[in-house]
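What follows is a single structure, written as structure tokens, with notes after it.
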There are 2 protein chains.
Amino acid sequence: MARPSRFDLPQLLDAAVRLAAESGPSGVTMSAVAATVGAPSGSLYHRFAGRSALLAEVWLRTVEDFQEGYFAALESSDDPRAGGRAASRHVVAWSRGHPQEAALLLYGAHEFGRDDWSEEHLLRADEGNMQVRAAVAALAGALGLHGRLALERVSLAVIDLPLSLVRRHLRAGEALPPHAEELAEQCTDALLAGG
Amino acid sequence: MARPSRFDLPQLLDAAVRLAAESGPSGVTMSAVAATVGAPSGSLYHRFAGRSALLAEVWLRTVEDFQEGYFAALESSDDPRAGGRAASRHVVAWSRGHPQEAALLLYGAHEFGRDDWSEEHLLRADEGNMQVRAAVAALAGALGLHGRLALERVSLAVIDLPLSLVRRHLRAGEALPPHAEELAEQCTDALLAGG
DNA sequence: ACTATATTAGAGAGGCATCTCTAGAACGTC
DNA sequence: GACGTTCTAGAGATGCCTCTCTAATATAGT
């Protein structure tokens, strides 16, 4: 009942990911995305309300793809400490498998124009954040750790630390070294060990 | 022998820092800096070769100010592990004392237009990086740790981990909690402990 | 006072990006 | 095969930013 689209949504978002990985969020302009896929700017504005909407979609699609595997890893074992290790390893392994998407994650929602997002997009983002917070809190509880300080330590161990490892290499323009997963797992374990 | 300047360099860089902390590096436009201090754009271009030069100066001044105290902390004790703890604590304490500059550090040289910097600015940046690398390598040696993996673990412990802690809070728009220094020190120590 | 010099002062050209608007093309359906 | 819908297509208005250029101005030294 309608004309078929030459430029579908995933294709446009893929182009945006590539641009973001290469030149950062500021490189993701409507013109640049259009030029990458060979579409006129009108087609882009037909699909996205504006640049903010495009940025939000790229960011959310990437984060949600990442988080899917992350949660699975975190809950992959009955031993909470093993779950923490698996989660840490997943951060590195996923980044190795998706270097462009990982480069994107190292920025933040803020740099993807979060302040200009629609209510809908903000809701989607919040939902993911809440899930992460809940999962980490559950992990801390299972480890017998309580209090704000302990919670923060667990967050560092299973989120920020492995992300730091990825950042260190990607920001330097290198690929992740072969031992990165091992290192992340060991460091996470060291942080989860001491109370 | 010359007309006195109404707008001196530190004043302009301070304005740039404020803008970067508020809206990121992309918010540091020549017009914005000029408007902040009330200067016409001509005065800015008299002092800086262009926007890249301004960005480089802000970034380098901030990094160098940070590193000064960082090195002092790292070498503050004969016990290398105590030095590592002090360095970690310094990252957090300095960030608490200089929240705007810290927000700036959480971006990276790349986002401050490093690709467009002059040879001079690149040299200044490299010098700082080499010093850090050397200091961390010395710390690893003093701890009896050798090899790439160990070196990377030490880097994570004394650089990336405390920076992650700062990032976690500043990105969320919060101030650093009172216990942040303690937490950073403990986590760094935990990572330096296991071989 | 005069000169040399460093700086302010600001208008304006040129470029790039966002977004709007109108026209037309392709497809399923009746 | 005509119709309605969805999309492509791209020209153009608007705005911001970088950077240049020229003129004016204030100070120190002679």
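The figures here come from the full heavy-atom set of this structure, side chains too, leaving out hydrogens, waters and symmetry mates.
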| task | Check salt bridge (Lys or Arg N to Asp or Glu O under 4.0 Å) between B:E75 and all other residues, then give those that pass, not counting sequence neighbours. | result | none
| note | Sequence neighbours excluded, the answer for salt bridge (Lys or Arg N to Asp or Glu O under 4.0 Å) partners of B:D14 is B:R61
| request: Classify the nucleic acid contact of A:P40 as base, sugar-phosphate or nothing, counting any heavy atom under 4.0 Å across all strands shown. | output: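 Base, at least one base heavy atom under 4.0 Å.
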| field | OP1 or OP2 of D:dT8 under 4.0 Å from side-chain N/O of A:R47 | value | yes
Given atom [atom1] of [X] and atom [atom2] of [N], what is their separation to the nearest angstrom?
X      : N      : atom1 : atom2 : value
B:D116 : D:dT18 : CG    : P     : 12 Å
B:H46  : D:dA24 : NE2   : P     : 19 Å
B:L44  : D:dC17 : CG    : P     : 13 Å

List the atom pairs, donor and acceptor, that lie under 3.5 Å between side-chain atoms in residues 108-115 of chain A and the rest of the protein, sequence neighbours left out.
unit_1 : atom_1 : unit_2 : atom_2 : d
A:E111 : OE1    : A:G108 : N      : 3.3
A:R114 : NH2    : A:D126 : OD1    : 3.1

| query | Does the pair A:R85/A:E185 count as a salt bridge with the N-to-O cut at 4.0 Å? | reply |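 Judged by the 4.0 Å cut-off on N to carboxylate O distance, A:R85 and A:E185 do form a salt bridge.
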| What orientation do A:H121 and A:W117 show, parallel under 30°, tilted 30 to 60°, or perpendicular over 60°? | perpendicular
| field | Mutual orientation of the aromatic rings belonging to A:Y70 and A:H90 [parallel < 30°, tilted 30-60°, perpendicular > 60°] | value | tilted
| If you look only at pairs with a residue in residues 137-188 of chain B, which of them pass as a ring-ring contact (aromatic ring centres under 6.0 Å, His included), with sequence neighbours excluded? |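 Every pair satisfying ring-ring contact (aromatic ring centres under 6.0 Å, His included) with a residue in residues 137-188 of chain B: there are none.
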| Using a cut-off of 4.0 Å between protein heavy atoms and nucleotide atoms, how would you tag nucleotides 16-25 of chain C 5' to 3' with B, S and -? | -SBBB---BB
| task | Mind listing the residues from residues 5-21 of chain B sitting with a heavy atom below 4.0 Å of DNA chain C? Number order is fine. | result | B:S5, B:R6, B:F7
| query | Roughly how far apart are A:L145 CG and A:L151 CG, rounded to 0.5 Å? | reply |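 If we round to the nearest 0.5 Å, A:L145:CG and A:L151:CG are 9.5 Å apart.
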